[in-house]
Amino acid sequence: MHNPLLERPLSLYSNGEFIAGEGEEIVVYDPSSATPITTLKAASTTQVEQAIAAANNAFPAWRELGGYQRAEYLSNIAQALEKRREHLIDVQMRNNGKPRFEADIDVSDAIATFNYYAEQAEQLEAKQNKPFDLPDPSYQGQTRLEPVGAVGMIVPWNFPLVTSAWKIAPALAAGCTIVLKTSEYTPLAELVYADIAQAIGLPQGVLNILTGAAATGIAITQSKKLAKLSFTGSNMIGSRVMQSAAQRCQPISLELGGKSAIVVFKDAPVESAVEQIIAGIFFNCGQMCSATSRLLVERSFAHELIPSLVERTRNLKVGSPFTEGVEMGPLSNLPQYQKVTGLLKQAQQDGLECLAGGEVAEDQTGWFVPPTIYDHIERNHPFWREEIFGPVLVVTYFDTEEEAIELANDSDYGLVATVISADLARAQRVANQIWAGHIWINSPQVIFPQTAWGGFKASGIGRELGPWGLSAYLGVKHISVYDTRG
């Protein structure tokens with residue numbers, strides 16, 4: 001299949017036009033073969049400034065357009081994504097190494113997000129200028145929800161199409177304009193939003209998309225002309241974004257890392273529990289901030305659950321996304337591959353008890369890592385405490401409900417968790433006491449646009465999705481009117 005989305009002679013979209021980058025060269029790879037797909041040019045610092053200027057110039061008219069008309073644009077983006085579904089699936093299979101079923105889920109998620117925020121844009125318009133009474137009858141109060149302005153966005157490489165949708169859709173619905181930097185590893189998916197913006201006639205400057213690496217991101221975070229920064233990625237880079245924003249007391253939203261728990265009680269159906277554990281850690285090759293990478297099993301259930309889990313893990317079909325039946329692809333980029341394989345070697349040196357995987361074939365092509373399980377992990381070991389961002393699961397055991405909760409909360413992070421039990425009252429009770437932003441009970445990680453996304457503790461600041469995602473791009477304006485006629 002010829003895919004025009006893989007060919008990008010002009011790699012930046014600024015002020016309504018595709019232009020050539022003037023910064024460093026970025027080689028985009030197919031991780032399943034470790035071969036280049038294409039080479040793009042990053043945005044220079046001057047081009048970042050030009051895109052930010054375009055976003056600011058476009059802001060007043062976009063803000064004044066109103067929610068109903070912005071909703072039409074959002075619906076058109078959703079329809080345009082659907083028309084490009086097959087090409088978008090192909091891009092993500094080639095550039096991210098996602099198996100086809102995962103790439104298809106991402107496209108559906110992005111479409112659902114734009115449709116949801118089209119509804120939110122209409123509802124926002126209906127809420128404006130609603131009057132309400134104040135204690136003094138001479139006064140009347142009014143509230144408006146105003147877009148914060150031109151927003152800088154930096155998105156990661158693990159879910160490029162989806163993460164971008166989670167930021168672009170609510171920001172456009174709110175009336176904000178955007179300068180978005182793609183990941184240097186996976187810029188091809190995000191550039192589709194530029195194609196669509198041009199095709200549907202989105203006003204110039206409303207959405208600007210820049211290809212680039214660290215230098216481009218730094219130029220965005222240091223700009224005094226952006227009203228807010230929204231970042232998704234590692235805690236290390238998130239900390240730098242936060243420091244930069246702090247220089248100007250600039251508002252930020254951060255969606256960062258996780259070391260999430262999946263708690264399995266002995267009354268859980270074995271087969272269902274195994275599938276939820278597998279999906280929670282090996283979907284997207286474990287490259288998820290939400291990966292439930294810490295498995296907590298009720299001790300008396302271990303003899304039933306663990307053998308089935310190990311057998312299913314060893315039989316997972318790992319390979320090229322274009323091979324029929326593949327369940328897990330490669331890691332998406334070479335630096336992440338080098339990090340994860342280095343950790344597997346460290347595990348061998350530490351003498352960790354490996355139940356599955358743990359060794360990488362020396363003669364392979366592509367950045368493949370086997371699905372791996374380590375048993376009886378100590379709570380002071382880095383594998384218990386630190387995010388790996390790869391297909392590595394660690395296991396420990398508990399005897400009581402209270403111990404399960406204590407273990408689940410034994411983390412610097414608080415993004416998500418999963419509880420599996422046939423006793424729904426207990427599962428609900430445990431979920432209520434786990435300190436995380438999104439918790440599933442007896443479910444894989446299904447994420448609806450209507451739900452909240454974000455975490456407690458070191459997992460970030462703010463929430464995406466749902467009405468909270470829209471609020472992230474709005475400021476509250478109160479107007480008090482003194483009526484002298486009264």
* To do: Nearest 0.5 Å please: distance from the CD atom of Gln336 over to the CD1 atom of Ile388.
  => 10.0 Å
* Asked: Just by distance, with hydrogens left out, do Thr113 and Asp109 show a side-chain donor and acceptor under 3.5 Å apart?
  -> yes
* Asked: For Lys339, does the NZ atom have more than 12 heavy-atom neighbours from other residues, nucleotides or ligands under 6.0 Å away?
  -> yes
* Look at atom CD of Glu359 and say whether more than 12 heavy atoms of other residues, nucleotides or ligands are closer to it than 6.0 Å. => no
* Check whether more than 12 heavy atoms from other residues, nucleotides or ligands sit under 6.0 Å from atom CZ of Phe101, and answer yes or no. => yes
* **Flag, side chain of Ser459 to backbone of Gly257, donor-acceptor distance under 3.5 Å** => yes
* Does a sphere of radius 6.0 Å around CH2 in Trp435 hold more than 12 heavy atoms from other residues, nucleotides or ligands, not counting ones at 6.0 Å or beyond? -> no
* Flag, side chain of Glu403 to backbone of Asp399, donor-acceptor distance under 3.5 Å -> yes
* Asked: Between the side chains of Thr35 and Asp30, is a donor N or O closer than 3.5 angstrom to an acceptor N or O?
  -> no
* List the atom of Val28, the atom of Tyr185, and the distance in Å for their closest heavy-atom pair. => CG1-O, 3.9 Å
* To do: Report yes or no: does Lys259 contribute a side-chain atom to a donor-acceptor pair with the main-chain N or O of Glu387 at less than 3.5 Å?
  => no
* Point-to-point distance, once rounded to the nearest 0.5 Å, from OG of Ser260 to CD1 of Ile281 -> 9.5 Å
* Heavy-atom closest contact (Phe389 atom, Cys289 atom, distance) -> CE1-N, 3.3 Å
* Asked: Stepwise, does the side chain to side chain contact (heavy atoms under 4.5 Å, CB included) test hold for Val107 with Ile111?
  -> CA-CA 6 Å; Val107 179; Ile111 292 169; 3.9 Å; yes
* Under 3.5 Å, is there a donor-acceptor pair linking the side chains of Gln79 and Ser75? -> no
* To do: Compute both the distance and the angle, then confirm whether Lys98 meets the cation-pi test with Phe159: under 6.0 Å from the six-membered ring centre, within 45 degrees of the axis.
  => yes
* **Within 6.0 Å of CD in Glu271, more than 12 heavy atoms from elsewhere** => no
* With the threshold set at 4.0 Å, does a side-chain nitrogen-carboxylate oxygen contact exist between Asp423 and Arg429? -> no
* Asked: Any luck finding a side-chain donor-acceptor pair between Ser230 and Lys167 under 3.5 Å?
  -> yes
* Can any side-chain N or O of Gln250 pair as donor or acceptor with the backbone N or O of Leu226 at less than 3.5 Å? -> yes
* Measure the CG-CD distance between Asn95 and Gln92 for me, rounded to the nearest 0.5 Å. => 9.0 Å
* To do: Compute the centroid of each ring, for Phe301 and then for Phe398, and state whether the two points are separated by less than 6.0 Å.
  => no
* Structure fact -> dist Thr400:OG1 -> Leu407:CG (nearest 0.5 Å) comes out at 8.5 Å
* Asked: Can you check side-chain hydrogen bond (donor to acceptor under 3.5 Å, both in side chains) on Asp375 and Tyr397, steps first, answer last?
  -> CA-CA 9 Å; Asp375 202 4; Tyr397 302 91; 2.7 Å; yes
* Asked: Can you tell me how far CZ of Phe265 sits from CD1 of Ile420, rounded to the nearest 0.5 angstrom?
  -> 10.5 Å
* Short side-chain donor-acceptor distance under 3.5 Å, Ser290 and Gln445 -> yes
* Non-hydrogen atoms of Ala189 and Leu161 that approach each other most closely -> O-CD1, 3.9 Å
* Asked: Taking NZ, NE, NH1 and NH2 as the nitrogens, is one of them in Asp410 or Arg294 under 4.0 Å from a carboxylate oxygen of the other?
  -> no
* Can you list the steps and then say if Asp195 with Arg84 is a salt bridge (charged side-chain N to carboxylate O under 4.0 Å, His left out)? -> CA-CA 10 Å; Asp195 292 335; Arg84 293 163 174 77; 5.2 Å; no
* To do: Kindly state whether the ring of Tyr29 and the ring of Trp367 have centres lying under 6.0 angstrom apart.
  => yes
* Flag the pair Arg94 and Asp90 as a salt bridge only when some basic side-chain nitrogen lies within less than 4.0 angstrom of an acidic carboxylate oxygen. => yes
Under 3.5 Å, which donor-acceptor pairs do the side chains of residues 321-331 form with other protein atoms, sequence neighbours left out?
from: Glu327; atom 1: OE1; to: Lys317; atom 2: N; distance (Å): 3.0
from: Glu327; atom 1: OE2; to: Arg312; atom 2: NH1; distance (Å): 3.3
from: Glu327; atom 1: OE2; to: Arg312; atom 2: NH2; distance (Å): 2.7

* To do: Among Leu191, Asn96, Val155, Val192, find the residue that satisfies the side chain to side chain contact (heavy atoms under 4.5 Å, CB included) test when tested with Pro160.
  => Asn96
* To do: Could you tell me whether Glu378 and Arg385 make a salt bridge, using a distance below 4.0 angstrom between a side-chain N and a carboxylate O?
  => no
* Are any side-chain N or O atoms of Thr341 and backbone N or O atoms of Tyr337, one a donor and one an acceptor, separated by less than 3.5 Å? -> yes
* How are the rings of Trp453 and Trp166 set relative to one another: parallel (under 30°), tilted (30 to 60°) or perpendicular (over 60°)? -> perpendicular
* Asked: Do Gln428 and Asn432 have side-chain N/O donor and acceptor atoms under 3.5 Å apart?
  -> yes
* Asked: So, the side chain of Asn3 versus the backbone of Leu5: is there a donor-acceptor pair under 3.5 Å, distance only?
  -> yes
* Asked: Is there a donor-acceptor pair closer than 3.5 Å between any side-chain N or O of Ser183 and the backbone N or O of Pro156?
  -> no
* **Straight-line distance of Leu180 CG to Ile220 CD1, nearest 0.5 Å** => 7.5 Å
* With no hydrogens and no angle check, is any side-chain donor or acceptor of Lys41 less than 3.5 Å from a backbone partner on Gly23? -> yes
* So with a 6.0 Å cut-off around CD of Gln450, is the heavy-atom count from everything else above 12? -> yes
* Heavy-atom donor-acceptor pair, Asp267 side chain to Ala422 backbone, under 3.5 Å -> yes
* **Exam field: side chain Thr211 to backbone Ser11, donor-acceptor pair closer than 3.5 Å** => yes
